[in-house]
Number of protein chains: 2
Amino acid sequence: MSRPDQGADPDSPEGRGGAASVLPAAPAGGGRGSLDRRRVLGAAVEFIDHEGLHALTMRRLGAYLGVEAMALYRYVPSRENLLDGVVEAVVDELYGDPDVHLAASHGWQDYLQRLAHGVRRIALAHPEVFPLVATRPPAAPWVRPPLRSLRWVESFLDALLDSGFTEASAVAAYRAYSSFLLGHLLLEVSQKGVRISPEDQADGVPQAVATTDLGEYPTVVRLEPLLSLDESAAEFEEALENLLERLEVVRREGRTPRRGDSRS
Amino acid sequence: MSRPDQGADPDSPEGRGGAASVLPAAPAGGGRGSLDRRRVLGAAVEFIDHEGLHALTMRRLGAYLGVEAMALYRYVPSRENLLDGVVEAVVDELYGDPDVHLAASHGWQDYLQRLAHGVRRIALAHPEVFPLVATRPPAAPWVRPPLRSLRWVESFLDALLDSGFTEASAVAAYRAYSSFLLGHLLLEVSQKGVRISPEDQADGVPQAVATTDLGEYPTVVRLEPLLSLDESAAEFEEALENLLERLEVVRREGRTPRRGDSRS
DNA sequence: ACCTGAACACCGTTCAAGT
DNA sequence: ACCTGAACACCGTTCAAGT
C-alpha cells in the first residue's frame, strides 16, 4: 500500500499541500483578507481535496471562506464556471513545476517523460479533483484531457516537430499520449480510493463484492492477492516507456503509424 | 428545450436502439404496464441517452415514466443506487453481444479484440452514460472500469491463463487492457460531443478557444485541420493491436513485463 | 465596493395517507 | 400492493437592500 510517487509530500509537512504552491502566500482556506477569484478557486481546490467533490456546494464553500454563498457570485458566474476554474487551477500547477520545462529537457523522449510524471504528480496530489480534470470537456474537442490547455498542446507539438516528427505523426502522438495518460491516471487515482459516490460506501468498499456469490468466479478468487497488489507506479513506467518506444519507431520512419507496424 | 415527456417514441421506430436490446419486449419509456426495477433502469438509460446525464433527476425520471418521483423509491433505494444500476444495465448489454463470447473466439488475441470492440460499441451507443461507466467506483478496487464486473474479469483471466500466461502476467495484462480501453473510449466519446456540463455551452463549443489569444499558439493554429480530424477508429485499432502484440511478447517469455523489454 | 436577507424554483428523500 | 401529497432540508441563483 506504500505510495510509490515521488514528489507527493513536496518538501514540507504542510499536510496535503497541493494547491498551496499555486496560491498566494496569503492565508488560504477560511483565512481573512478580501476575496478574489484566485482565492475562491484555491479554496475550492482545498475544499475538494479534504471533503470530496460531492461535498462542494456554493453554500458550503462560502461558509469555508467565512462568507455567505451569494458573495461568491461576485467572483464566479456559476457553479459550473467554478468547477472549470478548479480544473484550470490544478492544471496550472504544472506551470510551476521546474521539472517540466521543454528547455530543461534532453530530447523529446525526456520531455514527454517529465511531462507525464508532472501530470501524474498532480493527479496524485488531487485525487478528488482529477476525475474532473479527466472528464470536463475542454475548450475545443481536439484539446484533450488531461493536458487540457493550448499551452501544453503547443509545447508538446513543438517538441515533436523539432525532433523530426512529421505534422501528422506529431498529432497522432499527441492523441496516443493523451489516451495513455488519461487511462492510467484515472484508474490509478480511483484505485487509491476516491469516493465519487456520496458517502453511501461508509463501510469500506467490498459491500457489493461481499454480497456477490464469489463461488462463480474461482479464478478471480484465486488471483485476488495479485489483483489487489498496487503496481501502479511500475505499470505507469512500463506503459510510458513502451509508448515512447512506439513513437520513436514512428518518428524514424517519418509517417503516421499504421496497423501491423512492428511486424515488418 | 423540447420536453421528452412520456412516451418518447413508445415502440414505433426504435430510434437510437441502444438499451432496447436488453429490455423486455414490453413498452419501454413512458409506456404503461406496472413498474419494476428493470423498467426503471431501462427508462433511466433512455432518458440519459436523450437528455444527457445532467438532466436526470428523480422527479423528471418519474415524469418520464408517468409517475411521481416518490414512486421510484419502491424500486430503487436512492439516486446513487439508480446510477449504479444504470451503469450495470449498460454493461450488461455486453452479455447479449454474440460477438463477444470466449467459446466463439479463436485464441486469446481474437477474444480480447472482440471484447474491446464490444465495449467500444457500448460506449458509442451510450456516449452520455459512458463517463459514468468510466468513473463510478466498482465493487472492489481491483475490478476496474470499464469491464466493471467480476464476470468479465473472470472471463478475461481464464482466457489468458488457458493460453499460457502466468498468473502474474495475466493480471498485468488485465490492468494494461483496462487502462487502454478507458483512456481511448473516454476520449473518443467526449470528442463526439458529450455535454457533461449542463447547457452553458449552448453556442457550440469554441467559446473558450475564441476568447483565447490564439496568436501565442502558432503550431496549434497551423495544425488545427489535423487536430480536428477524427481518426478515433483507426487509432483504436492501432493501439489495440499494439497492446496485443506487447502482451504476446510477455506471454511467450512467460513473465511479468519489465521496463525495456522490447530493446533486448 | 462588497456583502447579506429574502425569495424562487428546483432537488433528494421520508412518511403518513390514499386507493 | 402500489402510488401520491405534503413536508423537510438542502440546492443554485437573482436581486433589492444594507454597510
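These values consider heavy atoms only, across backbone and side chains, with no hydrogens, waters or symmetry-generated copies. All chains are named by letter (A, B, ...) in the order of the sequence lines, taking the proteins before the strands, and each is independently numbered beginning at 1. Given the structure is predicted, the values throughout are model-derived calculations rather than measurements.
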For A/M70, answer base if it contacts any base atom (sugar-phosphate contacts may also be present), sugar-phosphate if it contacts only those atoms, and nothing otherwise; contact means non-hydrogen atoms under 4.0 Å.
->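 Base contact - A/M70 has a heavy atom under 4.0 Å of at least one base atom.
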
Checking all strands, does B/R74 fall into the base, sugar-phosphate, or nothing category for heavy-atom contacts under 4.0 angstrom?
->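 Touches a base.
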
So what stems show up for DNA chain C if we need 3 or more Watson-Crick or G-U pairs in a row, all under 3.5 Å?
->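 Consecutive-pair runs (3 or more) involving DNA chain C: C:4-8 with D:12-16, C:12-16 with D:4-8.
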
Got a sec, which residues hit side-chain hydrogen bond (donor to acceptor under 3.5 Å, both in side chains) with [X], two or more places apart in sequence or on another chain?
X: A/E224; answer: A/S228
X: A/R151; answer: none
X: B/R148; answer: none

Going 5' to 3' on DNA chain C, which nucleotide is the first and which the last to come under 4.0 Å of a heavy atom in chain B?
->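 Footprint of chain B along DNA chain C, 5' to 3': C/dC11 to C/dT14.
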
Contacts of [X] that satisfy ring pair (Phe, Tyr, Trp, His ring centres under 6.0 Å) - sequence neighbours left out:
X: A/F130; result: none
X: B/F236; result: B/H117, B/F180
X: B/W142; result: none
X: A/Y75; result: none

Would you check if A/E154 and A/L150 make a side-chain contact, meaning some heavy-atom pair closer than 4.5 Å?
->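 Contact flag for A/E154/A/L150 side chains = no.
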
Nearest-nucleotide comparison on DNA chain D, the residue closer to the 5′ end among A/A55 and A/P77 =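 Looking at DNA chain D, the more 5' nearest nucleotide goes with A/A55.
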
